Protein chains: 2
Amino acid sequence: MRTDRDASRGAGFPPDRRADDRLGDVRIPEATVARLATYLRVCGTLGERGLSTVSSEELAVAAGVNSAKLRKDLSYLGSYGIRGVGYDLATLTEQIARTLGVSVHRSVVLIGLGNLGLALANYGGFGSRGFRIRALIDADPYRVGTTVCGLFVRDIAELDQVVAEENITIAIVTTPASVAQDVCDRVVAAGITSILNFAPVVLAVPSSVDVRKVDLAAELQILSFHESRKSAAVGAGLR
Amino acid sequence: MRTDRDASRGAGFPPDRRADDRLGDVRIPEATVARLATYLRVCGTLGERGLSTVSSEELAVAAGVNSAKLRKDLSYLGSYGIRGVGYDLATLTEQIARTLGVSVHRSVVLIGLGNLGLALANYGGFGSRGFRIRALIDADPYRVGTTVCGLFVRDIAELDQVVAEENITIAIVTTPASVAQDVCDRVVAAGITSILNFAPVVLAVPSSVDVRKVDLAAELQILSFHESRKSAAVGAGLR
DNA sequence: TAGATTGTTAATCGATTAACAATC
DNA sequence: TAGATTGTTAATCGATTAACAATC
């Protein structure tokens, strides 16, 4: 569907990307990007089971979405399906990985080695999905200099150096809430442009930096809301 | 704005809730529910700083959202602001907590005591936000019977009993992906109606059960996507 | 009263999905 | 060719937000 808005942009307004930018010439909706990560994981699982081709219906069921949505999502990447047949798993996997920018591994720095930080440092699931934790940073002088998962724990003062040396663009922040904004400021100053924040605070960053937040208590509260509605429905006589 | 659809529903179609169900008579959008959790946390922070009243503008800035959106979100709870003045923090906090169903603590069972499970069991941030982990369950016979954070680690065979005894409705699943669906089936059979899933699998559940998924690698992949676009922009001559 | 701020309206924007022409 | 499945259209649904009347 081509709207008047599209037409006016094509005619005069600056496009989001240059037309010759092959990787980035199609704007992909945020909701689609989030689902691509799921599709990529499911493709991996199906590939391990020996499948070489999947239909949009099979993939949609495995990913827990509607097949029309899945096809629309995949259509943003280009036309990699074969009508009457389905999608070649290897090709599809490669294209999704390329779109997400995880065809090559990305380097990550993890800051704050409390319970959660240590658990993430030890988590084995990042490597297979495109990420390597290349540096660990903590404020506790007793922890700095020790080795965790084969990596030296460094002081925050070494952040700039480590980010440059290891070509790091993504930081995982698992510090206490009280220091998270300060750590965030240093991380941004060091040149990091993406932050995954586990501290329960809203981080202020320049618009050039992306922040995603994981708030575990908030997730539980959302579930709690629906629990309330379930019991309210019972209370209202719907038993 | 009252649309034809609303009118036709009011006229004939069954409403989502009974009109006399005071807690649940207004349908609150999912996007709003998710933000209410943030507002609740921010209200707590502002309250600790000694504030007793906030304007929508102040609260919006602290929560990182547009103030019109915040007012619209709060309007679903009822009319708790005072024009020309703002919102009373104590009242607002209470109303949001009530809406989210966390005015009283909810009991949670945590299943799977690997790195992440142990970290969550030790995490102190749940208590202040309305949740108590009341039971720990693991499959490893060497771990069953030990004490973690003052709780006995139990076998999955005891799930039904523990859920009933402790009045648990929410489960946190931090098992390996390979057993997550099996654990999920048992959890549902035990009467749990909300699941927070950290295993990187799509869980199949009855429609009466809510599942929220936290996929850390997927979060990084979303950040990676935007990183790709940033460097593509540079590559396309926008340096 | 004058200034401030809420609650609501209505326009706009973005996401979802059934349906089907295109095509393997 | 006949059956199957993609890629796309267009309708619908849901979320966002500027603007402002209501009102403290």
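Everything quoted here is computed from the prediction, not taken from an experiment. Reckoned from all heavy atoms, side chains included, excluding hydrogens, waters and symmetry mates. We name chains A, B, ... by the order of the sequence lines, and we start the count at 1 in each one.
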Inset, instruction - Compare side-chain N and O positions of Y80(A) against OP1 and OP2 of dT5(D) and report whether any pair is under 4.0 Å apart. - result: no
Legend entry - S79(A) side chain near dG7(D) phosphate (N/O to OP1/OP2, under 4.0 Å): yes
Legend entry - Under-3.5 Å donor-acceptor pair between R83(B) side chain and dT6(C) base: yes
Inset, instruction - Rounded off to whole Å, could you give me the CG-to-P distance for the L74(A) and dT17(C) pair? - result: 15 Å
Inset, instruction - State whether a side-chain donor-acceptor pair under 3.5 Å links R106(B) with S228(A). - result: yes
Legend entry - Any S56(B) side-chain nitrogen or oxygen under 4.0 Å from OP1 or OP2 of dT5(C): no
Anything under 3.5 Å between a donor and an acceptor, one on a side chain of residues 167-176 of chain A, the other on a protein residue two or more places apart or in another chain? List them.
{"unit_1": "T174(A)", "atom_1": "OG1", "unit_2": "I111(A)", "atom_2": "O", "d": "3.1"}
{"unit_1": "T174(A)", "atom_1": "OG1", "unit_2": "G112(A)", "atom_2": "O", "d": "2.6"}

Inset, instruction - Name the closest nucleotide to the A31(B) side chain, picking from dG7(D), dT17(D), dA15(D). - result: dA15(D)
Legend entry - N-O pairing of R186(A) and D182(A) below 4.0 Å: yes
Legend entry - Sugar-phosphate, base or nothing in reach of Y76(A), heavy atoms under 4.0 Å: nothing
Inset, instruction - Could you verify whether a donor N or O on one side chain and an acceptor N or O on the other, from R71(B) and S56(B), lie under 3.5 Å apart? - result: yes
Legend entry - Between dA15(D) (P) and L36(B) (CG): distance, integer Å: 13 Å
Inset, instruction - Taking ring pair (Phe, Tyr, Trp, His ring centres under 6.0 Å) as the test, write out the residues that go with F126(B), two or more places apart. - result: Y123(B)
Inset, instruction - Answer yes or no: does a side-chain N or O of R35(B) lie under 4.0 Å from OP1 or OP2 of dT16(D)? - result: yes
Legend entry - Approximate separation, where rounding is to 0.5 Å, of E227(A) CD and S194(B) OG: 3.5 Å
Inset, instruction - Using only side-chain N and O atoms of Y87(B), determine if any of them is under 4.0 Å from OP1 or OP2 of dG7(C). - result: yes
Inset, instruction - Treat a base pair as Watson-Crick or G-U wobble with both distances under 3.5 Å, then lay out DNA chain D in dot-bracket form, 5' to 3', with | for cross-strand pairs. - result: ..||||||||||||||||||||||
Legend entry - Lys/Arg-Asp/Glu bridge criterion (N-O < 4.0 Å) met for R229(B), D210(A): no
Legend entry - Minimum-distance nucleotide (side-chain atoms of K72(A) versus dT8(D), dA19(D), dA10(C)): dT8(D)
Inset, instruction - Check every strand shown and say whether E30(A) touches a base, only sugar-phosphate, or nothing at a heavy-atom separation below 4.0 Å. - result: sugar-phosphate
Legend entry - Shortest side-chain distance from P29(B), nucleotide among dC20(D), dG7(D), dA15(D): dA15(D)
